[in-house]
2 protein chains.
Amino acid sequence: MIAKKALHGRVPVTIGAMESSSTTSGGGTRREATRQKLYEAAVTLIAEQGFSATTVDEIAERAGVAKGTVYYNFASKSVLFEELLRHGVGLLTASLREAAEKTARDGGSKVDALDAMIRAGLVFIDRYPAFTQLYVAELWRTNRAWQSTLMVVRQQAVAVVEDVLREGVHNGEFSDEIDVPLTASALVGMVLVAALDWQSFQPERSLDDVHAALSRLLQGRVSGR
Amino acid sequence: MIAKKALHGRVPVTIGAMESSSTTSGGGTRREATRQKLYEAAVTLIAEQGFSATTVDEIAERAGVAKGTVYYNFASKSVLFEELLRHGVGLLTASLREAAEKTARDGGSKVDALDAMIRAGLVFIDRYPAFTQLYVAELWRTNRAWQSTLMVVRQQAVAVVEDVLREGVHNGEFSDEIDVPLTASALVGMVLVAALDWQSFQPERSLDDVHAALSRLLQGRVSGR
DNA sequence: GTTTTTGCACTGACCAGTCAGTTCAAAACT
DNA sequence: AGTTTTGAACTGACTGGTCAGTGCAAAAAC
């Protein structure tokens with residue numbers, strides 16, 4: 001057994017800090033561009049068909065790349081998928097956190113923060129519907145290789161919501177009887193399912209429209225006339 | 001081409017009312033027992049691993065049956081899965097509808113009906129967690145053979161919620177500004193995600209506990225002290 | 001001249017679906 | 001009663017195909 005080559009391990013890395021726009025910087029950019037193409041190809045295929053039903057040949061073809069290139073860039077099919085998950089949830093978490101922080105900066109209430117996060121969630125799902133689909137499909141599975149990755153990454157996202165709830169309880173804006181983790185889950189679920197149904201069954205509706213409906217539900221303005 | 005055998009089409013049928021025990025009557029009870037075992041084996045395996053990653057051999061083995069028996073009872077792997085879906089969502093829909101009707105009979109309000117349905121949903125998920133997982137994982141996929149089955153079956157379940165909302169709007173209990181389909185989706189999502197997270201991450205909590213938290217959210221008793 | 005990509009042939013494992021044959025309990029017959 | 005027949009239910013070895021991952025020489029990009 002000799003070491004061979006295979007340098008999948010670490011790569012230039014840009015991931016974490018998203019959207020540094022691009023251009024400039026001489027970093028190993030070609031590599032990164034290929035990886036990006038592979039992510040995009042994989043995300044839609046896996047969202048449609050599931051992980052196991054999607055072949056590496058399909059991914060390569062859709063990305064316009066040779067099969068060998070996939071394995072030059074990723075150690076295996078499941079590693080590609082895991083990195084895709086990390087990448088995507090990173091974007092979501094950042095977006096939620098930013099929405100919460102902006103509201104705080106502008107002196108909004110915690111309900112305003114939740115509302116802003118609902119909107120941020122909708123915007124994310126609107127922009128990356130395939131990723132969202134795939135994430136939901138995998139989230140509650142057990143016995144899969146990437147289970148732990150998924151858990152970590154889920155907790156990061158939910159934690160942002162929990163933080164806002166906890167702060168709201170602390171400053172008296174929310175009842176101290178609410179169950180923070182469960183309420184956070186429920187809110188995430190509300191947005192997730194409503195948004196996916198929106199995308200699947202009434203894609204013609206505007207984001208504002210959907211946001212308004214969810215906002216009303218959040219603020220308990222359902223009952224009463 | 002002669003007809004051959006293969007009688008997958010119609011079968012004695014007992015489904016709904018399980019456990020007619022055995023003995024007596026020459027009725028095809030054996031068949032139904034085998035199918036039930038296959039459903040049970042398939043539902044957990046597919047929930048854990050996904051449809052494509054689950055092999056027919058595994059299903060047969062877990063059910064304690066030979067592979068050929070699977071094909072004697074179902075035309076194909078995906079037909080088995082489709083019938084499983086129909087079976088499961090049938091149970092859910094019936095349970096939701098019953099909860100709503102009972103509330104109406106007892107002269108409860110529409111909010112009470114929604115609350116009863118939330119509880120019914122939780123009870124269902126508590127009893128059939130694997131089925132729920134699998135259902136969520138498949139619901140928003142596209143390009144799959146059972147797409148249409150899934151849509152029909154989804155609509156049946158959501159329609160029960162929509163009906164209650166619509167009645168509530170009609171009798172003035174709910175604002176006529178609410179968006180019925182979207183609110184229904186959001187409510188379903190709230191329960192679904194909260195329940196799955198409950199099962200996955202805090203299984204020690206009681207159903208009443210979880211129900212109370214969701215109830216509070218439904219009634220907008222989150223804000224305020 | 002080093003890194004990355006290509007193209008393509010190849011392997012070995014795995015898997016959906018088939019089919020000839022077996023089991024067995026309830027009829028049918030004696 | 002006992003014996004034979006029937007056929008639905010079940011079995012498991014087998015087949016044909018698919019797919020993840022490999023190997024490598026040559027080209028392209030930087």
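So you know, we letter chains A, B, ... as the sequences are listed, proteins then strands, and number each from 1.
Between Glu32(A) atom CD and dC30(D) atom P the separation is 15 Å, expressed in whole Å. When the P atom of dC19(D) is taken as reference, atom CD of Glu61(A) falls 12 Å away, rounded to whole Å. Atom CZ of Phe81(A) and atom P of dA20(D) are 14 Å apart (whole Å). Across the protein-nucleic acid pair, Tyr72(B) atom OH and dG12(D) atom P stand 17 Å apart, rounded to whole Å. dT2(C) atom P lies 17 Å from atom CZ of Arg31(A), rounded to whole Å. Atom NZ of Lys37(A) and atom C1' of dT6(C) are 12 Å apart (whole Å). Distance, Leu38(A) CG to dA20(D) C1': 15 Å, rounded to whole Å. Between Leu45(A) atom CG and dC19(D) atom P there is a gap of 13 Å when expressed in whole angstrom units.
OP1 and OP2 of dA9(D) both lie 4.0 Å or more from every side-chain N or O belonging to Thr69(B). Dashed line: the shortest gap from a side-chain N or O of Thr34(B) to OP1 or OP2 of dA9(D) is not under 4.0 Å.
Side-chain rings of Phe51(A) and Trp146(A) approach one another, their centers coming within less than 6.0 Å. Here Tyr128(A) and Tyr135(A) keep their ring centres 6.0 angstrom or further from each other.
In this structure, Tyr39(A) and Phe74(A) have tilted ring planes: the angle between them lies in the 30° to 60° band.
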Item to check | Where protein sits on nucleotides 10-18 of chain C, one letter per nucleotide: B base, S sugar-phosphate only, - none, heavy atoms under 4.0 Å | outcome: -----SBBB
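Between Leu165(B) and Leu114(B) there is a side-chain heavy-atom pair separated by less than 4.5 Å.
Within 6.0 Å of atom CD in Gln36(A), more than 12 heavy atoms from other residues, nucleotides or ligands are found, so the atom counts as buried in its surroundings.
Between Glu58(B) and Ala53(B), the shortest heavy-atom contact is OE1-O, 3.9 Å.
For the side chain to side chain contact (heavy atoms under 4.5 Å, CB included) test, residues two or more places apart in sequence or in another chain that qualify with Gln156(A) are Thr93(A), Val152(A), Val153(A).
Each end of the helix from dG1(C)-dC30(D) to dT30(C)-dA1(D) yields a helix axis from five base pairs, and these two axes differ in direction by 20° (to the nearest 10 degrees).
Counting only distance, with no hydrogens or angles, the side chain of Gln133(A) and the backbone of Trp140(B) share a donor-acceptor pair below 3.5 Å.
Remark: Arg205(B) engages Asp179(A) in a salt bridge, criterion side-chain N to carboxylate O under 4.0 Å.
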